[in-house]
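See structure below.
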There are 2 protein chains.
Amino acid sequence: MARAGQTRKQSEARAATEARILDAALEVFAANGFRGATLDGIAEAAGMSKPNVLYYFPGKQEMYVALLDGLMETWLEPLEAMRSDGEPVEELRGYIRRKLDMARLYPRESRLFANEIVQGAPRIEPMLSGRLRDLVEEKAEVIRGWIAAGQLVAVDPVHLLFAIWATTQHYADFDAQVQAVAGEDAQRFETAQATLETLFLNGLQPRD
Amino acid sequence: MARAGQTRKQSEARAATEARILDAALEVFAANGFRGATLDGIAEAAGMSKPNVLYYFPGKQEMYVALLDGLMETWLEPLEAMRSDGEPVEELRGYIRRKLDMARLYPRESRLFANEIVQGAPRIEPMLSGRLRDLVEEKAEVIRGWIAAGQLVAVDPVHLLFAIWATTQHYADFDAQVQAVAGEDAQRFETAQATLETLFLNGLQPRD
DNA sequence: CAAAAATTTTTCCATCTGGTAAAATGCTAA
DNA sequence: TTAGCATTTTACCAGATGGAAAAATTTTTG
């Protein structure tokens, strides 16, 4: 627990230790899912004993929720950055790029969410039908505006977002399959980006 | 064990029981992943005791592999049905439809594979880099032919297949998220189909 | 330095889980 | 009907796992 009488050095050390534990937890939860992850595994990845981990977090579930909570904002950022006043095709291109960057740079985070959601999102359903749903509804409205203005082909905006999530996160979540099928291709993210841009941007521009 | 001296009735009963167990196992593995699934859970879903389940299958792992093995063919069918001598846009439309039908009709099967692959495909990697990879290479060649003939926009065929897998399986694997964000929409598969067809088919057809 | 507070380790435990042993029951063929 | 095989159930067990208790150690503060 954070106490009143502690020095800055102490709380910095505590914050650093908590961060180390959360990083280890991310590693283990992402690779095994909530049930598959063990406190011993997390402790080992963090380089400390299991009871020591439990000194910083009250339990396994609390660590898991702390992780998901802390990552949600980061996870929503790319969509939040899509501006209603930009050029539609460029805004979408940017969004696809940012999402693909997330898959490339933060595969563990992506797999953490993937594991949770595949198993029915028992612990983050509230976040999905709250914060996420609101944001999607807001951005869907933006896309509807672009469609109404004839700047994009008429598609369901929510399902368009699903398609962007699916295709980009695929490279993190199903990396094992991507690598098994396509080989260990260091260029795979560049190829993916080119393919997805062609597909989405060509696919969404009206043909007069 | 199957014995020489058993009647047809007996082996039929055995096959039926095995099928009942595998169905229960599919339910439980798909919802919880390999590690999260318990023999007790499978036994309960199958309406029998745990040792009785183990009378039919030697162990948890064997049940899991039996399931994946048995489902792989079904899983590859939609892609196998894509004909090189058809009209490219129609062939792709058909493939997308079949994949989306799979997601709609067999969500448990989809989530079973999803769980396995998200966690690094530890038990089916050989199948992915064997049978699946070969099939993908074969069909990628077909798509390359269509592109060379100017019938499709130039995209990487393997990544195009990834995009089709990702977008269609999304509706099974991440159904919890789809429903949280879009509400419990009974029409979601129809809307998805329309959106994906617009996106992919418009996106893949050359302009002018 | 010494007391107090924070951190870490050692020990331990109850529950869950995959799997075994063996007894009990059901079924089939002679 | 009964011997023999198939099936199912009832204990049971060893290891893993989440977590608690408490002792030991380190750090901070007066």
Side-chain angles (χ1 to χ4, degrees), chain A residues 1-29 31-67 115 119 122-123, chain B residues 1-29 31-67 115 119 122-123:
Chain A
M1 297 270 159
R3 294 303 177 80
Q6 68 189 357
T7 63
R8 172 175 343 185
K9 213 170 185 175
Q10 267 178 322
S11 55
E12 271 171 12
R14 174 170 260 277
T17 307
E18 279 174 4
R20 183 157 57 102
I21 293 172
L22 282 181
D23 186 76
L26 171 58
E27 189 77 27
V28 176
F29 282 128
N32 305 288
F34 180 76
R35 286 214 55 187
T38 68
L39 285 179
D40 281 310
I42 293 168
E44 195 195 329
M48 61 179 71
S49 68
K50 176 172 63 174
N52 202 7
V53 168
L54 290 170
Y55 174 73
Y56 287 91
F57 292 90
K60 184 180 171 182
Q61 171 118 11
E62 285 77 8
M63 294 182 47
Y64 187 73
V65 172
L67 256 183
N115 263 306
Q119 300 191 5
R123 296 160 234 267
Chain B
M1 298 272 160
R3 294 302 177 83
Q6 68 190 355
T7 63
R8 172 171 345 182
K9 213 170 187 177
Q10 269 177 320
S11 55
E12 271 171 13
R14 171 171 264 274
T17 306
E18 280 174 3
R20 183 157 56 102
I21 293 173
L22 283 182
D23 186 76
L26 171 58
E27 190 76 27
V28 175
F29 281 130
N32 306 287
F34 180 76
R35 286 214 55 185
T38 68
L39 285 179
D40 281 310
I42 293 168
E44 194 194 332
M48 61 179 72
S49 66
K50 177 172 63 173
N52 202 5
V53 167
L54 289 170
Y55 174 73
Y56 288 91
F57 292 91
K60 185 180 171 181
Q61 170 117 10
E62 285 77 9
M63 294 182 47
Y64 187 72
V65 173
L67 256 182
N115 262 305
Q119 300 191 6
R123 296 159 235 267

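These values consider heavy atoms only, across backbone and side chains, with no hydrogens, waters or symmetry-generated copies. Each chain gets a letter, A, B and so on, in the order its sequence line appears, and its residues count up from 1.
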Pairwise N/O distances under 3.5 Å, protein to nucleotides 23-26 of chain C:
none

**Request:** Quick one: list whatever passes side chain to side chain donor-acceptor pair (under 3.5 Å) with Y56(B), sequence neighbours left out.
**Result:** none
Quick one: [X] [atom1] to [N] [atom2], roughly how many Å, whole number?
X: R14(A); N: dA6(C); atom1: CZ; atom2: P; value: 9 Å
X: Y56(A); N: dG19(D); atom1: OH; atom2: P; value: 18 Å
X: N52(A); N: dT11(C); atom1: CG; atom2: P; value: 16 Å

Just list the side-chain donor-acceptor pairs under 3.5 Å for residues 31-49 of chain A, sequence neighbours left out, or say none.
{"unit_1": "N32(A)", "atom_1": "ND2", "unit_2": "V28(A)", "atom_2": "O", "d": "2.9"}
{"unit_1": "R35(A)", "atom_1": "NH1", "unit_2": "G36(B)", "atom_2": "O", "d": "2.9"}
{"unit_1": "T38(A)", "atom_1": "OG1", "unit_2": "G41(A)", "atom_2": "N", "d": "2.8"}
{"unit_1": "S49(A)", "atom_1": "OG", "unit_2": "N52(A)", "atom_2": "N", "d": "3.4"}

**Asked** Could you state the interatomic distance from CG (L26(A)) to OH (Y64(A)), rounded to the nearest 0.5 Å?
**Response** 11.0 Å
From the options [options], select the nucleotide whose nearest atom is closest to the side chain of [X].
X: L54(B); options: dG19(C), dT7(C), dT8(D); result: dG19(C)
X: P51(A); options: dT10(C), dT7(C), dT10(D); result: dT10(C)
X: Y55(B); options: dA6(D), dT9(D), dT11(C); result: dA6(D)

Table of protein N/O atoms under 3.5 Å from nucleotides 13-17 of chain C N/O atoms:
{"unit_1": "dT17(C)", "atom_1": "OP1", "unit_2": "R35(A)", "atom_2": "NH2", "d": "2.7"}

**Request:** Using a cut-off of strictly less than 4.0 Å, decide whether S49(B) has a side-chain nitrogen or oxygen near OP1 or OP2 of dT8(D).
**Result:** no
**Contacts of E62(A) that satisfy salt bridge (charged side-chain N to carboxylate O under 4.0 Å, His left out) - sequence neighbours left out** =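 None.
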**Prompt:** What are the two closest heavy atoms between F29(B) and N115(B), and how far apart are they?
**Reply:** O-ND2, 3.8 Å
**Request:** Any side chain to side chain donor-acceptor pair (under 3.5 Å) involving residues 16-28 of chain A? Give me the pairs, sequence neighbours left out, ordered by first then second residue.
**Result:** R14(A)-E18(A), D23(A)-R108(A), E27(A)-R108(A)
